[in-house]
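Data block below; observations after.
Reckoned from all heavy atoms, side chains included, excluding hydrogens, waters and symmetry mates. Chain naming here is simple, since letters A, B, ... match the order of the sequence lines and numbering starts at 1 in each.
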There are 2 protein chains.
Amino acid sequence: MVRVYGSPSGMGGRAPRHLDATASAAARLDADPLRAKPLEKTKGWNVTTGFAHAELIAVLAAVTGDEPRVMTVDAGKALPSGPFESSHRSLQVGLRDWIESQTGHPVGFLEQLYTFADSDRDPGSVTGARRISISYLGLVREQAAPGAGQPEWHGWHEYFPWEDRREGDPAGLAQILQGLRGWAESDPDRDQRIDFAFGQNGLPWNEDLVLQRYELMFEAGLIPEAGAPEAPAFGRPMQGDHRRILATGIARLRAKIKYRPVAFEIMPDSFTLLQLQRTVEALVGLRLHKPNFRRQVDQQELIEETGETTTEARGRPAMLFRYRRAVVEARALSGTRLPIKV
Amino acid sequence: MVRVYGSPSGMGGRAPRHLDATASAAARLDADPLRAKPLEKTKGWNVTTGFAHAELIAVLAAVTGDEPRVMTVDAGKALPSGPFESSHRSLQVGLRDWIESQTGHPVGFLEQLYTFADSDRDPGSVTGARRISISYLGLVREQAAPGAGQPEWHGWHEYFPWEDRREGDPAGLAQILQGLRGWAESDPDRDQRIDFAFGQNGLPWNEDLVLQRYELMFEAGLIPEAGAPEAPAFGRPMQGDHRRILATGIARLRAKIKYRPVAFEIMPDSFTLLQLQRTVEALVGLRLHKPNFRRQVDQQELIEETGETTTEARGRPAMLFRYRRAVVEARALSGTRLPIKV
DNA sequence: TCCTTTATACTCGATTCGAGTATATCAAGG
DNA sequence: CCTTGATATACTCGAATCGAGTATAAAGGA
């Protein structure tokens, strides 16, 4: 049951900027209220709270026509966001209701993603109060055909074209690597980070490293949001750091889909095994091995036949399945297995 | 590589209160600013931000003498916390510096845990501005012997005695279950939640469900913090919802230790395999199978011999090992494996 | 010397995983 | 009607991993 230490790293090997600012050794020398202030040794910090602007940001994902999509506002330039108000009992409840009223579809999955509060997020503001963004990741079933007043959805590969490896190396990868290598200037440390994040020089591609790849490109000045004057502009830009938040959401979703049956939150009520596989492939940006995919899904008894078949495609009709929600959710999630129990 | 859908649930089967307030159907009927306000359809929420009090809270864990400990203030009644100030570039950096100055030991691991903002956290405050607590989980090496001015450390099983299953069923479990069953009143839904969280009626104990267990006891009125008049008081109480935050931290750590080598962030520079095992056992609250534990650790090449041995114990001297940090962090973290790649 | 204690090494069967191959069943076209 | 192409579904096989148990080595103490 207990499998201590799966694979290495996680906090090591240079974490992303906003997750652990190893790069900002300079910041340690800055005026630091947590240090400059004479701390009462055994009291921790004092109990006064600071004031801040607070907002909610949602990364809402769906899959339509084998393409992963994200809900946007402002012509695709921003993620939906709103003020954080004080009358909610729960952030989750309010957010869920709002999303359902906007999309017309229930949100099957919603969880907190990350709270962004670094002061270099919006360099313009020099006001004392800082902006805090509490972001959430949500999964929505295939939305209705876009009509008037419908929220906008954009394929997320518009923003991260290099994340789609379903048809092999994506177009533009060569230029990205060229830009990164130029920035690295044969610095072995930087070259190693590039190899690691983009699976170069014999290292495997790791679909989870969405954020690391974005941060690397950001550092290298390949991202317009970085404020670079003449950035080559890989992928479609977004307002502020919304693209970073989206990258965080995609990374979380790709990691989560491996140990929790979240993909069903995006599927319609009944679906074929190939539709399910295509959805997962869209989310992780990879092609999967069909026979093994099928084996894994049904040996875990996640689904059951509806008894019907579909004749949409040209070949042999496929059986339709439905997610066994009640059964799956009721049974003991053994969780990630620990190594050994005595 | 890609292993879609490990085990079931995750968002289902009744999530903890603060993570998804399924229980508060009532809240949906409340005045809801995200709904009551006429929303511009395609604009999401508006862009104004709300104001809030913001604070940082740290869950700092260490293991001393095979006991898992947590740093506290205020005589063990609270987690260290402090105001959120606006001059930091990164929350992480400031927090790390502060912790290191307080404990005298480097923080090997620090990551954001959760942002708590539900309005039922502090029922007293009726001010407009809400309190937001951004919590972090950190791992610290064994602290120096407690002296004057040193921060306090408490064994976390003082707060959650039922989480320590290293010596079999913990004392008091029977009373807890009795209390829970009384609250359930043969409601099959509640009984099932109890079985699931506490591994009853044939279900296995899942060490990761720290938060679910706490929430269940909270709902059942077995936790003094719930405001129950004559609560039986299982485990030592804490201020406000600090115990819930601690439970969140323990749950995260127990989950993380299974797929990331975080245990080494708590170990001294050189250690024996048994010391490593005892540390992991302390954190997950279970006994592990010794031969298999050793096999897993060294077949992953996480450690290397120092060449020295120890004669602390009575029997055969054990070899001392050190964590191969550089090697482990440099190599490709294949991450959690996806099912299959073509 | 013998016994206890701890460390370390090895074995075995069951299960899972990656990868590949074989067969079934439809639609369309000659 | 029968071939062809396309898709669905089923089966095989070796390698790796996992849970569980057993055996041997090296110390200290009686």
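Atom CD of B/E305 and atom P of C/dA9 are 8 Å apart (whole Å). Distance, B/L320 CG to C/dA7 C1': 12 Å, rounded to whole Å. In this structure, B/H289 places its NE2 atom 16 Å from P of C/dT11, rounding to the nearest Å. Atom CZ in B/R316 sits roughly 9 Å away from atom C1' in D/dA27 (whole-Å rounding). If you take CG of B/L273 and P of C/dT8, they are 6 Å apart, rounded to a whole angstrom. Computed from coordinates, the A/Q277 CD to D/dT7 P distance equals 13 Å when rounded to whole Å. Between A/M319 atom CE and D/dA8 atom P the separation is 11 Å, expressed in whole Å. The nearest whole Å value for the distance from the CD atom in A/Q275 to the C1' atom in D/dT7 is 13 Å.
Comparing B/P317 and B/Q299 along DNA chain D, the residue whose closest nucleotide (by nearest heavy atom) sits nearer the 5' end is B/Q299.
Remark: A/R166 pairs with A/E67, A/D164 by the salt bridge (charged side-chain N to carboxylate O under 4.0 Å, His left out) rule, at least two apart or across chains.
No side-chain heavy atom of B/F321 sits under 4.5 Å from any side-chain heavy atom of B/L302.
Using cut-offs of 30° and 60° on the angle between ring planes, the pair A/F264 and A/Y323 is parallel.
Closest to the A/P291 side chain, of the nucleotides D/dA8, D/dA20, C/dT21, is C/dT21.
Between A/E207 and the options A/R287, A/R254, A/R165, A/K258, a salt bridge (charged side-chain N to carboxylate O under 4.0 Å, His left out) holds for only A/K258.
The phosphate of C/dT16 has neither OP1 nor OP2 within less than 4.0 Å of any side-chain N or O from A/Q296. OP1 or OP2 of D/dT9 lies within a sub-4.0 Å distance of a side-chain N or O belonging to A/R294.
Between the side chain of A/R295 and the base of C/dG18, at least one donor-acceptor pair of N or O atoms lies under 3.5 Å.
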